[in-house]
Amino acid sequence: MPYAITQTCCTDASCVAACPVNCIHPTPDEPDFGTTDMLYVDPRTCIDCGACADACPVDAVHPVDALTGAAADYAAINADFYADRPSSKATEPPVFHSWGPPDFDRVIPAGFPALDVAVVGTGPAGMYAVQDLLLHTNARVTLIDRLREPGGLVRFGVAPDHPSTKRIGEAFARHHAHHRLRMRLGVQVGRDTGVEQLAAAHDAVIYAVGASEPRALGVPGEELPASIAATTVVGWYNGHPEVAPAAVDLCAERVVVVGTGNVALDVARILTADPADLAGTAIAGPALEALRNSAVREVVLLGRRGPQDAAYTRPELLALAHLHGVELVVDDSDPRTGEAIDAAAPGEHAALLQGVRREVLDRSAPPPDGPRRLVLRFHSAPVAITGPDRVSGVRVSGRDGEREIAAGLVVRAVGHRGTPLPGLPFDDVTGTVPNAGGRVAGMPGTYVVGWIKRGSTGGIGANRSCAAETLRALVDDAVAGHLRARPRRRIPLPLRARARRAPVAR
Ligand SMILES: Cc1cc2nc3c(=O)[nH]c(=O)nc-3n(C[C@H](O)[C@H](O)[C@H](O)COP(=O)(O)OP(=O)(O)OC[C@H]3O[C@@H](n4cnc5c(N)ncnc54)[C@H](O)[C@@H]3O)c2cc1C
Ligand code: SF4
Ligand code: SF4
């Protein structure tokens, strides 16, 4: 019985290297790796050895006969990926493991003095960089984060009903105790220490500070009370220390979420979930209590374009379709939506909605009685958030002009951007630090990785190859003698007075 990859796959490709018969694709060197929602096991070639399941950090791989409920669909989803591809067994030689000495392509030559490297940010990008530094070099690492709890978006972004995905945080956390790593939490670069001070105290500094600022919609009414960014909702249900426990008011029956990306789907899913299903998860206590008393009966997700262009990934949409006690509906107001869904060929994005019930949303009436609903409304670009002194609706433009959707809460989920860090260059258009393969332009010994390097796209696993590229640049620079020459002793982290009082983890 073959294995299959399921919803929580974050495409970090750990399983690819573990598979002895090369039956997991696309691999990082195949062209569709950069765009795939997940990886797939070829059931024709899989020899049922289970090595991939052992390697997977998010428990995404299971034997097909162990898949139940919504996960059962993934047997066919894995097989479908290979429907028109030749069997890898027929085209590729088997993978034989080498039993010689380990051979890494990012390695510091023997005898090279130990580098002191600071990594700023404990999210996935920072932790993949730390992992590479500890495994492939003899560097001593100082790991810094502005928050007192590490993990970045794995801790404060990933939704609490995705416990397998959150478990990747445990894999990262095992590096925190490494003897060549010292950790400084509660230290914010730009406030408690500076870019120049870090550069003076280290051979190299890697910034993995993410992209935490919500993108603005740029429409009137955006600042009204009850118009909030998805970052607020996500921080609220994850217990972020900078988001108030009462930051999200659930007294409205209809919520509009602007956006169709995975974060929009996370928010919609949590706001409509049965609180009993969330009770055993890592959800913050005040958020769970608020959901128990919530008036929300309908969440409308607004997409600017059609279902063929929706930003969500296939696994996340499939999870919505299987939500217990929640009905998924497609708003049929614009005929282009139904036409695109009906015309979609199997495997195309819009085809995911074939079989989902369609109806014309009654925009001004309260949501109908019955189970809670998630309504996908496409071809609806928001032009204003309306209301006299707090949100009462969203005006959208479509083929037939402008229409208003009544709603008491609007969540803006249209992406994230980085914020400038004093002392580092910043591209205000992309919201990233300008770089070439991770090297910060004009600042030898300074590197970036993750969302601050490439923008706010890609799941957790995408940061692994991103970190590998940055580390390759750092090691090449070290070996070529391009890093700043420093006395060979580890010096204390230069901190301003208040940060010296922050607890030192190690
Ligand atoms: C809401 C949400 C849910 C997601 N869910 C999933 C999912 O289920 N599966 C998946 O595969 N991907 C998911 N992703 C994507 C994934 O989280 C990102 O790919 C990943 O977190 C980006 O990693 P990063 O390290 O660049 O940034 P982050 O994870 O944001 O880490 C940045 C770190 O830098 C620290 N920092 C920032 N500024 C400073 C400073 N000045 N000084 C010191 N420290 C600083 C921050 O505190 C933070 O810890 C989600 C993203 C979001 C926004
Ligand atoms: S079970 Fe073994 S053969 Fe099958 S995909 Fe996993 S690692 Fe490859
Ligand atoms: S998360 Fe990584 S290891 Fe797990 S199935 Fe996906 S690519 Fe493979």
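Heavy-atom basis, side chains included; hydrogens, waters and symmetry copies ignored. This is a predicted model, so every value here is computed, not measured. Read the numbers this way: they start at 1 and go in the same order the structure lists the ligands and their atoms.
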Exercise for review: Quickly, which of Leu302, Ile228, Val394, Val257 forms a side chain to side chain contact (heavy atoms under 4.5 Å, CB included) with Val410? Name it, please.
Suggested key: Val394
Practice item. Please name the residue in the list Val255, Leu320, Leu374, Val267 that meets the side chain to side chain contact (heavy atoms under 4.5 Å, CB included) test with Thr272. Key: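 Testing Thr272 for a side chain to side chain contact (heavy atoms under 4.5 Å, CB included) against Val255, Leu320, Leu374, Val267 leaves exactly one candidate, Leu374.
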Practice item. Mind listing the protein N/O/S atoms less than 2.8 Å away from atom 2 (Fe) of ligand 3? Waters don't count. Key: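 Less than 2.8 Å away from atom 2 (Fe) of ligand 3 sit Asp12 OD1.
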Regarding [X] and [Y], do their side chains bring together a donor and an acceptor under 3.5 Å, going by distance alone?
X: Thr470; Y: Lys453; value: yes
X: His162; Y: Glu316; value: yes
X: Glu30; Y: His25; value: yes
X: Asp309; Y: His349; value: no
X: Asp477; Y: Tyr447; value: yes
X: Arg184; Y: Thr142; value: no
X: Thr313; Y: Asn262; value: yes

Within the structure, does [X] bring an N/O atom to less than 3.5 angstrom of an N/O atom in ligand 1?
X: Gly458; result: yes
X: Asn463; result: yes
X: Val189; result: yes
X: Val449; result: no

Check your understanding: What atoms in ligand 3 come closer than 4.0 Å to a heavy atom of Val61?
Key -> 5 (S)
Considering heavy atoms of the protein only, find what lies nearest to [atom] and give residue, atom and distance to 0.1 Å.
atom: atom 15 (C) of ligand 1; answer: Trp451 CZ2, 3.6 Å
atom: atom 44 (N) of ligand 1; answer: Arg146 N, 3.1 Å
atom: atom 23 (O) of ligand 1; answer: Pro124 CD, 3.5 Å
atom: atom 11 (O) of ligand 1; answer: Ile460 N, 2.9 Å
atom: atom 32 (C) of ligand 1; answer: Ala208 O, 3.3 Å
atom: atom 17 (O) of ligand 1; answer: Leu153 CB, 3.3 Å
atom: atom 35 (C) of ligand 1; answer: Asp145 OD2, 3.4 Å
atom: atom 5 (N) of ligand 1; answer: Val158 CG2, 3.7 Å

Review point. Checking Arg314 against Tyr312: charged group under 6.0 Å from the ring centre and within 45 degrees of the axis?
Key: no
Checking [X] side chain against [Y] main chain: does a donor-acceptor pair fall under 3.5 Å?
X: Arg372; Y: Val296; answer: yes
X: Arg85; Y: Phe81; answer: yes
X: Glu222; Y: Gly218; answer: yes
X: Asn238; Y: His240; answer: no

If the cut-off is 4.0 Å to any non-hydrogen atom of [X], which atoms of ligand 1 fall inside it?
X: Val234; result: 1 (C)
X: Gly157; result: 1 (C), 2 (C), 3 (C)
X: Val263; result: 1 (C), 2 (C), 52 (C), 53 (C)
X: Gly450; result: 26 (O)
X: Leu421; result: 41 (N)
X: Gly459; result: 10 (C), 11 (O), 12 (N), 19 (O)
X: Val187; result: 42 (N), 43 (C)
X: His416; result: 53 (C)

Check your understanding: Taking atom 24 (P) of ligand 1 as the point of reference, which of Gly126, Gly186, Ala125, Pro150 owns the nearest heavy atom?
Key ->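 Minimum heavy-atom distance to atom 24 (P) of ligand 1 goes to Ala125.
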Review point. Checking side chain to side chain contact (heavy atoms under 4.5 Å, CB included) for the pair Glu196/Leu198: CA distance, chi angles, key distance, verdict?
Key: CA-CA 5 Å; Glu196 269 185 34; Leu198 283 185; over 6 Å; no
**Study point:** Heavy-atom protein contact below 4.0 Å for atom 50 (C) of ligand 1
**Key:** no
Exercise for review: Examine ligand 1 and decide if any of its atoms is less than 4.0 Å from a heavy atom belonging to Ser212.
Suggested key: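 Outside the 4.0 Å threshold, so no.
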Which pairs would a plain distance check flag for residues 58-67, meaning a side-chain donor or acceptor within less than 3.5 Å of a matching protein atom at least two apart in sequence or in another chain?
{"from": "His62", "atom 1": "NE2", "to": "Asp59", "atom 2": "O", "distance (Å)": "2.9"}

Review point. Under 2.8 Å from atom 2 (Fe) of ligand 2, which protein N/O/S atoms are there?
Key: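 Hits for atom 2 (Fe) of ligand 2 below 2.8 Å: Cys49 SG.
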Check your understanding: What distance do Asp73 atom CG and His322 atom NE2 have between them, rounded to the nearest 0.5 Å?
Key ->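 So the gap between those two atoms works out to 4.5 Å.
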Revision key, fill the gap. Between the CG atom in Asp277 and the CG atom in Leu323, the distance rounded to the nearest 0.5 Å is 8.5 Å
Review point. Does Arg215 CZ have over 12 foreign heavy atoms under 6.0 Å away?
Key: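 Yes - once you tally the heavy atoms of other residues, nucleotides and ligands closer than 6.0 Å, there are more than 12.
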Point to revise | All salt bridge (charged side-chain N to carboxylate O under 4.0 Å, His left out) counterparts of Asp428, not counting sequence neighbours | key: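 Asp428 satisfies salt bridge (charged side-chain N to carboxylate O under 4.0 Å, His left out) with Arg417 once adjacent residues are dropped.
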Check your understanding: Would a 4.5 Å heavy-atom cut-off, applied to side chains only, mark Arg439 and Glu469 as touching?
Key ->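 Counting from C-beta outward, Arg439 and Glu469 never come under 4.5 Å.
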